[in-house]
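Reviewing the structure listed below.
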Protein chains: 2
Amino acid sequence: MTHDLKESFNADSPPAPAALAAKVRTLAPSMTRSMQRVAEAVAGDPAGCAALTVTGLAELTGTSEATVVRTARLLGYPGYRDLRLALAGLAAHQQSGRAPSVTADIAVDDPIADVVAKLAYDEQQTLADTAAGLDTVQLGAAVAAAATARRIDIYGVGASSLVGQDLAQKLARIGLIAHSHTDPHLAVTNAVQLRSGDVAIAITHSGSTVDVMEPLRVAFDRGATTVAITGRPDGPVTQYADHVLTTSTARESELRPAAMSSRTSQLLVVDCLFIGVAQRTYETAAPALAASYEALAHRHTPRPR
Amino acid sequence: MTHDLKESFNADSPPAPAALAAKVRTLAPSMTRSMQRVAEAVAGDPAGCAALTVTGLAELTGTSEATVVRTARLLGYPGYRDLRLALAGLAAHQQSGRAPSVTADIAVDDPIADVVAKLAYDEQQTLADTAAGLDTVQLGAAVAAAATARRIDIYGVGASSLVGQDLAQKLARIGLIAHSHTDPHLAVTNAVQLRSGDVAIAITHSGSTVDVMEPLRVAFDRGATTVAITGRPDGPVTQYADHVLTTSTARESELRPAAMSSRTSQLLVVDCLFIGVAQRTYETAAPALAASYEALAHRHTPRPR
DNA sequence: TCACCTTTGAAAGATATTTTCAACCGGGTT
DNA sequence: AACCCGGTTGAAAATATCTTTCAAAGGTGA
């Protein structure tokens, strides 16, 4: 599956009911300027845009019909007509559930209570977006591969390395052979050992972190089943991925680095992967979980009161 | 609001959000035979009809385009196009109505899509609980201490160690001196160096992990400001904590270890702490964040497409 | 600067929707 | 029964909307 470029994601989800705002955010970086203007308008006011014709929306955004159609395509619809229908559906949706008013960015002078509320809300949003945007077919395939893998190598650097470690820890707990690699050199060194029947998982929000791409490429070339967990489903890392799991991207602000929401999103994906694997290996996973719990008991003071 | 069914929708003429089936029934007598066929199809399967063009619907009902348009007009829309948009909205609505049963535990035989939904829902719940249960006064105090600390030491083992590392990474990014300790011996060794003006943070879900409590005790004795992030505000660790930040605990199931939801909760707390500190040190934090972003740019492949 | 690739919108081409209009139907009248 | 007439219907023209094409504009690296 060596797809690249724009055509790749036109193939996947034909319809896309909700989670449009999330999709817009994920795809925004791969859009051209004028397409971003259109996407922004659409995400900002679905109801309003649903009432517009191609020409209308083109005028509103100061672009051309062609650009509007292109944007619709990029978002996964066959054409503008279908995007418009989806927007109408979305509008009806929002109508029912009025959003709370903590959506604003976190400001420097926000009282601490607001920070808590906004952050919690944002992360909840990120979770919802991620769940909506996750391709369950890809996830299922990744789960199947991991559940039967001889060994699982995980690559991630920076903030993503923690996510990788988390996954490795959990998989190890249910008796699988899983390792997380942070050092790029060691990662490549290890990747060389992989072959068919092994699984390599790369975690990178940007989709273009060389330190993570390189070991994945090696694993891919060696015949291992490769999985990319990334916020950029069109990024270069997907070249070497048999299965791509997309994380969502929340808008970031000055005080809220992208790493924060991408981490939340990545963790959800990783958890889903883990649970999926645990389901498939239930016979061995359940006792292993119990055993590891037992083994740690003595590390706690006897009676917590 | 006393009106019931039939009377209600005569009032709202221009749009007609729901109650389409009812409208069809009321207006049916005043329709001609072929129009009734169209109206019937529309009321029977809004979603399906939304996918059809005028011609398609005309064929389906064995009538002509003109009749379809007439029917749309009779139902109160300017034309078929608008009826179609309304249908799409209606369909989306119905869809959302059915799916409230994700609250159950994750079972071994749940399809992967359910796993995603349940997990996302659970984590969202955990976030809400955590935000609600977080003591902003304690948080504010912890933030104040951390923002002005000479150095910050963080203790966590197991799953919590990742949370500790995450916090340390982020604090370091905004120019603070923060370290996460995983090795209990090294943690204690380092804790001995602390004194008044330093901050020590212990992260333990159980509130009774000796490997984490011990360094915190040492730091406490040495006069450092100590913070405990724990799910058990009555646990032994709080003895040595000047400020206690409580994380929430979601119910766990066989397949979903406690570590999973506690991690989500801990991360939110840690994020709040971080943002709070970033706010208070904004002058230095903002440029530091920008600088660390710059420094990493070359680790990505130049042009993602 | 130039060559090359990307992005963009004007306009042509294709579809879908709306309107027009004549044929058709059914019932009442001579 | 034959005829007329208002209402109903669909084929086809007219219009609006959407899609595609293509060349010019804009940017980037050598």
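FYI, side chains are in, hydrogens and waters are out, and symmetry mates aren't considered; it's all heavy atoms of this structure. Reminder, nothing fancy here: chain letters follow the sequence lines and each chain counts from 1.
Crowding of A:R222 atom CZ: a count of heavy atoms from other residues, nucleotides or ligands under 6.0 Å not exceeding 12. More than 12 heavy atoms of other residues, nucleotides or ligands lie within 6.0 Å of CD in A:Q36, so this atom counts as buried by the packing criterion. Heavy atoms from other residues, nucleotides or ligands lying under 6.0 Å from CD of B:Q169 number more than 12.
Across all strands shown, B:R84 has heavy atoms under 4.0 Å from sugar-phosphate atoms exclusively, and none from any base. Across all strands shown, A:G56 has no heavy atoms under 4.0 Å from either base or sugar-phosphate atoms. A:R33 comes within contact range of the sugar-phosphate backbone alone, with a heavy-atom separation under 4.0 Å but no base atom that close.
The shortest distance between side-chain heavy atoms of A:R81 and B:R84 falls below 4.5 Å.
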### Task
Fill in the dot-bracket string of DNA chain C, one character per base: . for unpaired, | for a pair to another strand, ( ) or [ ] for pairs within the strand, taking Watson-Crick or G-U pairs under 3.5 Å.
||||||||||||||||||||||||||||||
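In this structure, of C:dT8, D:dG10, D:dT21, it is D:dT21 that holds the atom nearest to the side chain of A:A66. Relative to the side chain of B:T32, the nucleotides D:dT19, C:dA16, D:dT9 differ in distance, and D:dT9 lies closest.
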Would you list the protein and nucleotides 12-15 of chain C atom pairs, both N or O, that sit under 3.5 Å from each other?
none

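Remark: A:D82 does not engage A:R73 in a salt bridge, criterion side-chain N to carboxylate O under 4.0 Å.
A donor-acceptor pair is defined here as one N or O able to donate and one able to accept, closer than 3.5 Å; such a pair exists between the side chain of A:N190 and the backbone of A:L186.
For the pair A:R70 CZ and C:dT6 C1', the interatomic distance rounds to 11 Å; values are reported in whole Å. With rounding to whole Å, A:L57 atom CG is found 15 Å from D:dT19 atom C1'. Here C:dT8 presents its P atom at 12 Å from CG of A:L74, a figure rounded to the nearest Å. Rounded to an integer number of Å, the gap from OH of B:Y80 to P of D:dT17 is 16 Å.
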### Message
Using the rule given for salt bridge (Lys or Arg N to Asp or Glu O under 4.0 Å), can you reason through A:R263 versus A:E123, listing the C-alpha separation, both sets of side-chain angles and the distance that settles it, and then say yes or no?
### Response
CA-CA 10 Å; A:R263 185 207 55 201; A:E123 302 215 347; 3.6 Å; yes
### Query
Is there a side-chain contact (heavy atoms from CB on, under 4.5 Å) between A:T67 and A:V38 once you walk through the steps?
CA-CA 8 Å; A:T67 302; A:V38 175; 4.3 Å; yes
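Distances shorter than 4.0 Å separate none of the side-chain N or O atoms of A:T55 from OP1 or OP2 on D:dA16. The phosphate of D:dG10 (OP1 or OP2) has a side-chain N or O of B:S64 nearer than 4.0 angstrom. Applying the 4.0 Å criterion to OP1 and OP2 of D:dT9, one finds that B:S34 has a side-chain N or O inside that range. Listed pair B:R73 / C:dT19 meets the phosphate criterion, a side-chain N or O lying under 4.0 Å from OP1 or OP2.
No donor-acceptor contact under 3.5 angstrom links the side chains of A:T264 and A:S261, judged on distance only.
Comparing A:T53 and B:E65 against DNA chain D, the residue whose closest nucleotide sits nearer the 5' end is B:E65.
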